[in-house]
Participant: 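Here it is, the structure in full.
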Amino acid sequence: MDPSAPSGSSADASASSSSSAVEDLAPGMAAMSLQDRFELLRGIGEECIQEDELMNLLQKKPVPICYDGFEPSGRMHIAQGIVKTINVNKMVRAGCKVKIWIADWFAQLNNKMGGDLKKIQTVGRYMIEIWRAAGMNLDGVEFLWSSEEINNRANEYWPLVMDIACKNNVKRIMRCCQIMGRNDSDELTAAQIFYPCMQCADIFFLKADICQLGMDQRKVNVLAREYCTDIKRKNKPIILSHHMLPGFKEGQEKMSKSDPSSAIFMEDDEVNLKIKQAFCPPNVVDGNPCLEYIKYIVFPWFEMFEVVRKEANGGNKTFTNMDELIDDYKTGALHPADVKPALAKAINQILQPIRDHFNNNSEAKILLNTVKKYRVTN
């Protein structure tokens with residue numbers, strides 16, 4: 001099997017069938033009230049622009065389209081793997097159709113994998129395989145390769161990109177460079193300046209009602225709303241921006257693949273060591289990466305956090321909400337020495353099915369071994 005082909009894989013087969021399966025989502029959500037659906041979706045985002053528009057959308061459109069996307073750019077860390085799985089499953093449960101944009105051309109523009117499209121597409125297939133193993137509900141998901149979709153509908157796509165480019169100056173576009181993991185002081189290629197115009201166009205090209213991306217993608221999503229104002233379009237894409245998980249080192253605001261010790265990868269076998277070495281100051285909640293992992297991964301996954309310790313240290317305790325855990329941590333009733341082993345155990349439980357899949361499935365194993373050989377290029 002050629003691990004680099006963007007189509008023809010088992011992941012693509014499930015993706016193509018999902019577009020018909022999504023038609024059955026509306027009856028399945030009948031048991032949920034409008035308010036329940038709103039709260040489920042709103043809970044995904046650290047920020048929502050705008051809440052009243054989200055409620056109005058759910059009232060008027062039975063199956064809204066949610067857009068998410070990613071650059072295939074190396075091994076997948078847990079924020080991209082588990083947090084996305086949690087969020088996508090919530091969107092599907094709320095009755096949405098989720099279009100995941102595999103931005104292979106964008107990764108090439110951003111010089112990921114040295115700009116080698118074949119390698120980029122291999123990484124894309126590896127990522128789909130991970131989400132399958134992690135339990136993402138693919139019945140409500142459609143994976144779309146940007147290279148294929150743009151080529152197939154070039155007459156729709158490029159006039160849209162050109163119009164967005166014509167309606168914005170270079171300074172405004174440069175403010176969006178954060179979406180590529182860059183800043184406006186970096187020396188950018190012309191391709192990287194063009195990138196935000198294309199990502200903005202993706203939202204309209206995919207007919208997205210909701211943009212569900214990280215806070216680091218906020219600026220280009222706002223650009224899409226500004227473009228709606230420019231063209232006098234009433235229905236603007238709703239922005240639902242999720243929280244960005246930090247790295248394990250002090251002051252590290254975002255997990256980084258380029259620093260493997262600061263991130264947990266989806267098939268990682270060094271979870272215990274990485275968490276043991278993580279920044280986790282006693283009594284301090286703000287900026288504590290271990291507590292953020294518990295809040296954004298463990299609680300959504302298990303709906304509890306179980307601490308096992310000796311009676312002399314307070315005995316075993318099961319936390320059922322984050323507020324209770326924070327109260328104990330602030331007072332010192334819960335110590336880093338309690339948190340770290342419990343967190344490592346929970347993360348290992350979540351990741352074990354993914355590890356098993358990549359150990360036992362021959363095609364998945366080939367993909368992982370191929371991706372591991374690639375050098376991450378930024």
Side-chain angles (χ1 to χ4, degrees), residues 18-19 22-23 25-27 29-30 32-69 87-88 90-101 103 106 140-142 144 146 149-150 152-168 172-173 175-176 179 195-242:
S18 67
S19 56
V22 80
E23 302 301 328
L25 291 176
M29 71 189 184
M32 294 185 71
S33 69
L34 176 65
Q35 187 64 32
D36 287 342
R37 294 175 64 209
F38 171 82
E39 289 177 2
L40 185 60
L41 287 171
R42 182 61 187 89
I44 292 171
E46 184 170 293
E47 177 186 60
C48 177
I49 306 175
Q50 300 282 349
E51 289 187 354
D52 59 328
E53 294 176 17
L54 177 60
M55 179 63 83
N56 186 53
L57 172 69
L58 294 176
Q59 286 175 326
K60 293 184 175 179
K61 190 166 183 177
V63 184
I65 294 173
C66 294
Y67 148 74
D68 193 354
N87 290 343
V88 166
K90 285 181 179 180
M91 288 186 277
V92 172
R93 200 158 75 247
C96 298
K97 174 179 179 178
V98 182
K99 293 184 177 181
I100 297 184
W101 190 237
F106 292 75
V141 175
E142 185 177 12
L144 298 164
S146 68
E149 295 299 316
I150 293 170
N152 290 340
R153 295 161 55 199
N155 61 325
E156 288 180 56
Y157 188 78
W158 293 115
L160 186 55
V161 173
M162 290 169 65
D163 194 47
I164 291 165
C166 288
K167 287 181 167 58
N168 290 278
R172 176 66 185 90
I173 297 301
R175 293 211 318 262
C176 295
I179 65 173
Y195 185 119
C197 297
M198 292 174 63
Q199 184 169 329
C200 182
D202 295 343
I203 296 164
F204 304 100
F205 184 65
L206 297 172
K207 297 179 170 53
D209 301 302
I210 300 171
C211 301
Q212 204 296 285
L213 299 161
M215 286 295 292
D216 61 339
Q217 305 296 302
R218 182 185 187 279
K219 289 182 179 179
V220 77
N221 292 332
V222 170
L223 180 69
R225 289 180 61 90
E226 291 172 357
Y227 176 67
C228 288
T229 301
D230 291 338
I231 63 174
K232 297 180 171 54
R233 171 175 160 157
K234 185 178 178 182
N235 293 326
K236 298 180 179 181
I238 295 155
I239 304 172
L240 205 55
S241 303
H242 65 253

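FYI, the numbering just counts along the sequence from 1.
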Participant: Taking all heavy atoms of E156 and all of F205, pick out the closest pair and write down the distance.
Facilitator: CB-CE1, 4.1 Å

Participant: Please evaluate residues I49 and N221 with respect to the criterion side-chain contact (heavy atoms from CB on, under 4.5 Å), reporting the C-alpha separation (whole Å), side-chain torsions for both, the decisive distance (0.1 Å), and the verdict.
Facilitator: CA-CA 10 Å; I49 306 175; N221 292 332; over 6 Å; no

Participant: May I have the step-by-step check of side-chain contact (heavy atoms from CB on, under 4.5 Å) for E51 and F38, ending in yes or no?
Facilitator: CA-CA 9 Å; E51 289 187 354; F38 171 82; 4.1 Å; yes

Participant: At what distance, to the nearest 0.5 angstrom, does NZ of K232 lie from OG1 of T229?
Facilitator: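 If we round to the nearest 0.5 Å, K232:NZ and T229:OG1 are 9.5 Å apart.
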
Participant: Main chain of G45, side chain of R42: is a donor-acceptor contact present, judged purely on distance under 3.5 Å?
Facilitator: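 Yes; at least one donor-acceptor contact below 3.5 Å.
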
Participant: Quick one: does any side-chain atom of Q212 pair with a main-chain N or O of L240 as donor and acceptor, under 3.5 Å?
Facilitator: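 Confirmed, Q212 side chain pairs with L240 backbone.
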
Participant: Quick one: are R225 and Q50 in side-chain contact, heavy atoms under 4.5 Å?
Facilitator: yes

Participant: Can you list the residues that meet the side chain to side chain contact (heavy atoms under 4.5 Å, CB included) rule with N235, with sequence neighbours excluded?
Facilitator: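 With sequence neighbours excluded, N235 shows a side chain to side chain contact (heavy atoms under 4.5 Å, CB included) to no residue whatsoever.
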
Participant: Got a second to check how far I173's CD1 is from L223's CG, nearest 0.5 Å?
Facilitator: 5.0 Å

Participant: Drop me the distance from M91's CE to Y67's OH, to the nearest 0.5 angstrom.
Facilitator: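 Those atoms lie 12.0 Å apart.
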
Participant: Only one of D209, V141, L41 clears side-chain contact (heavy atoms from CB on, under 4.5 Å) with C96; which?
Facilitator: L41

Participant: If you take all heavy atoms of Q199 and F106, which pair is closest and at what distance?
Facilitator: N-CE2, 3.6 Å

Participant: Tell me the closest heavy-atom pair linking C48 and I238, and the distance in Å.
Facilitator: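 Smallest heavy-atom distance, with atoms named: SG-CG2, 4.2 Å.
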
Participant: Testing the basics here: between R37 and P62, what is the closest heavy-atom pair and its distance to 0.1 Å?
Facilitator: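 Nearest pair, atom of R37 first, then P62: NH2-O, 3.5 Å.
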
Participant: Quick one: pull up CD1 in I239 and CD1 in I203 and give me the separation to the nearest 0.5 Å.
Facilitator: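 That separation rounds to 7.5 Å.
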
Participant: Would you indicate whether the side-chain heavy atoms of V220 and L213 approach each other to under 4.5 Å?
Facilitator: no

Participant: Ignoring hydrogens and angles, tell me if any N or O in the side chain of K90 forms a donor-acceptor pair with the backbone of I44 under 3.5 Å.
Facilitator: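 No; zero donor-acceptor contacts below 3.5 Å.
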
Participant: Going from CD on E142 to CH2 on W101, what distance comes out if it is rounded to the nearest 0.5 angstrom?
Facilitator: 10.5 Å

Participant: Side chains of L206 and I65, heavy atoms from C-beta outward: is any pair under 4.5 Å?
Facilitator: no

Participant: Any side-chain heavy atom of M55 sitting closer than 4.5 Å to one from L34?
Facilitator: yes

Participant: With respect to C197, which candidate in V161, L160, N168 satisfies the side-chain contact (heavy atoms from CB on, under 4.5 Å) definition?
Facilitator: V161

Participant: When you measure from the side chain of Y157 to the backbone N and O of M198, does any donor-acceptor pair fall under 3.5 Å?
Facilitator: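 Flag set: sc Y157 to bb M198 pair under 3.5 Å.
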
Participant: Is the closest side-chain heavy-atom distance between E39 and Q35 below 4.5 Å?
Facilitator: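 Answer yes - side chains close enough.
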
Participant: Minimum heavy-atom separation for M32 and A94, please, with both atom names.
Facilitator: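 Minimum heavy-atom separation between M32 and A94: SD-CA, 4.4 Å.
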
Participant: Salt bridge or not between E53 and K236? Use side-chain N to carboxylate O under 4.0 Å.
Facilitator: no

Participant: At their closest point, which heavy atom of L40 faces which heavy atom of R93, and how far apart are they?
Facilitator: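 Heavy-atom minimum between the residues: CD1-NH2, 3.4 Å.
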
Participant: Determine whether N87 and D68 make a side-chain contact, defined as any pair of heavy atoms from C-beta on separated by less than 4.5 Å.
Facilitator: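 No, too far: nothing below the 4.5 Å cut-off.
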
